[in-house]
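Written below as structure tokens is the structure these notes are about.
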Amino acid sequence: MPPHKPYAFVTYRSQESAQKAHFHLNGGKLMCGENGVTLYLSFIDSGSVFAPLPDGLLLVEDFVSAEEEVQLMAAIDWSSSNDEVIAQKALKHRRVKHFGFEFRYDNNNVDKDEPLPAGLPDVCLPLLERCIKDGYIDIMPDQLTVNQYQSGQGIPPHVDTHSAFEDTLLSLSLGARTVMEFRHPDGRVVPVVLPGRSLLVMKGESRYLWTHGITPRKFDMVPVCDLKSSTHSGHDLETNGSLTLSKRGTRTSFTFRKIRPEPCRCAFPSACDSQGPPAPLPPSPPALPSCPSDAARLEQEFVHQVYDAIAYHFSSTRHSPWPRVCHFLSTLTPGSVLVDVGCGNGKYLGVNPEITAVGCDRSSALVQICADRGFNAFVSDALSVPLRTASCDACISIAVIHHLSTQERRLAAVRELVRLLKPGGRALIYVWAFEQEHNKQKSKYLKDHNGKQNLIKNTSEGSQEPCEYPSKCSDGACTPTDYMPVTDGKLSVHTNRTAFNTQDLLVPWHLKEGKRQEEKLETSPAPVFHRFYHVFQQGELEQLCAQVSQVKVLRSYHDQGNWCVILLKEELH
Ligand SMILES: O=C(O)CCC(=O)C(=O)O
Ligand SMILES: [Fe+2]
Ligand SMILES: [Zn+2]
């Protein structure tokens, strides 16, 4: 049982006995004291802990002796603040010192023309020579970053900038054991136990494609065999496959890197800043999905990956909460539990301070932005939210369900929202409307659209993406069949500020990057990403909700280019 955590891990010898325990214990009452407690069980896959290391990753245990460890630690003077000599930064999560070149966390790069006066400390040279002799690296590193983590501190998942450093990264761990997580873009996670005095060599795929990071926490779950001294080898029967907790202490790491003089030419362009962002235009637009796995793939590529890539820019265009959503939130009674499914940057999570608001989003980059703003948010798919049935007084899902690519999945998303609601609870859903003009009123965006300036903007506050009202639709005579996907079955790419002529489409997002990238813009155009949308026709959202049992549509309305419903979950009789 991790200290101060309200849960425990239990390991079973076989899957059958684990299933049996789950069946008999989950939801059961345990009498203790007057009230008793309810047990909730869920399966945790410990498989990843025993997964093979990512390609190109090598862990060399006992790379330095205990004496060398002492010498290396002593060589770092944390009290000095002489920025002329070495760049020292007190980062929120850990202490950092740079030698050779400063690594700048504002642009994630190094000033290659401005070496620091102090090169690598002399004590490092013997062990670097050993690295060359043993074949861990080919060239002598010229940059060193020393990180010091107290128990509970960490470093966010990242790939060391390709254009800044050559292939091989060496990370020497000193002091306390910790766990570093490697994540592949396909979702695989491999925790790697780093004992003190070990050397981690990251090359190839593990360096270029997988992110590495240390989750800030005070205890790690580690295989029992990793706690034994390295002289005791062999996984005996008792401990084979068992996990235990390892308490974190202070860990100091020396990361040695070689500055890269030329742009990176690695074989992983999707993660390579030298080789630009992924193909700006889909070479061949995808077709509407014909099976569930196609649908999931389409959304993965044309929704999830895009939001992760544009998260910061997207968030900077989403600051004002929409008034009618705020009004809904203000009607919730104090103490209500609200979940915002697809919460984006969390702009609705703080609107009503008298309720408990929790957000979730598919994009971990957006969830990170929520966390940075002090909101409760977690990564989750809208089709499977890890919250208990009937646990929420209210749900909102604003501009989310239109990103699902089949009717079944949009229906499943509504069902999932309703599942979360307590009987008597209410849900508010917004989806982007095919009709951008309602009751002869253009959406706010269209009214605001009066100059070239707006043309480069992706969005305006109060409305979704630009769309001029389709002239042939203005009499309301269009039927759904007029707007089926285009000819060859491929999705069409929507041209901003032109009429929708189909309900299923790809909407471009022109990434406007930060200052550093603006400089780059002079030579290369802003990258364009494409998001899948299914824009809803009048009545379609209500029809969808009508298929869900135990819920009724309290109200439906058009708000600034969106169709909206408020649902009420009925009491069971
Ligand atoms: O602490 C470590 O081993 C890794 C540090 C790291 O990833 C970095 O500074 O880029
Ligand atoms: Fe790193
Ligand atoms: Zn690269």
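Since this is a predicted model, take the numbers as computed values, not measurements. Each ligand, and each atom within it, is numbered from 1 in the order the structure gives.
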At their closest point, which heavy atom of [X] faces which heavy atom of [Y], and how far apart are they?
X      : Y      : result
Thr161 : Asn108 : OG1-O, 2.5 Å
Pro216 : Gly152 : CB-O, 3.2 Å
Val179 : Arg248 : O-NH2, 3.8 Å
Ser173 : Pro195 : CB-O, 3.6 Å

Original post:
Between Phe302 and His530, is the gap from one ring center to the other below 6.0 Å?
Top reply: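 Aromatic pair excluded; centres sit 6.0 Å or further apart.
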
**OP:** Test the Arg130-Phe63 pair against the cation-pi criterion, namely NZ or CZ under 6.0 angstrom from the six-membered ring centroid and within 45° of the ring axis.
**Re:**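 Yes, Arg130 lies over the aromatic ring of Phe63.
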
**OP:** Flag this pair as yes if the NZ/CZ of Arg257 is under 6.0 angstrom from the six-membered ring centre of Phe103 and inside a 45 degree cone about the axis; otherwise no.
**Re:**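 Yes; both conditions hold, so Arg257 lies above the ring face of Phe103.
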
**OP:** Using the test salt bridge (Lys or Arg N to Asp or Glu O under 4.0 Å), find all partners of Glu129 that sit at least two apart in sequence or belong to another chain.
**Re:**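 If we apply the salt bridge (Lys or Arg N to Asp or Glu O under 4.0 Å) test to Glu129, skipping adjacent residues, there are no hits.
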
Original post:
Which residues pass the salt bridge (Lys or Arg N to Asp or Glu O under 4.0 Å) test with Lys258, sequence neighbours left out?
Top reply: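 Lys258 satisfies salt bridge (Lys or Arg N to Asp or Glu O under 4.0 Å) with Asp142 once adjacent residues are dropped.
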
**OP:** Show the protein residues that qualify under the rule heavy atom under 4.0 Å from an atom of ligand 1, listing them in chain and number order.
**Re:**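 Contacting ligand 1 under 4.0 Å are Asn147, Tyr149, Ile155, His158, Asp160, Ser171, Met180, His212, Arg251, Ser253, Thr255, Arg257.
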
**OP:** Provide the tally of protein N/O/S atoms nearer than 2.8 Å to the Zn ion (ligand 3).
**Re:**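 Considering protein N, O and S only, the Zn ion (ligand 3) has 4 within range.
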
Original post:
Does a sphere of radius 6.0 Å around NZ in Lys112 hold more than 12 heavy atoms from other residues, nucleotides or ligands, not counting ones at 6.0 Å or beyond?
Top reply: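 For Lys112, atom NZ is crowded (more than 12 foreign heavy atoms under 6.0 Å).
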
Original post:
OD1 (Asp160) to the Fe ion (ligand 2) to NE2 (His158): angle, nearest 10 degrees?
Top reply: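 OD1 of Asp160, the Fe ion (ligand 2) and NE2 of His158 span an angle of about 90°.
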
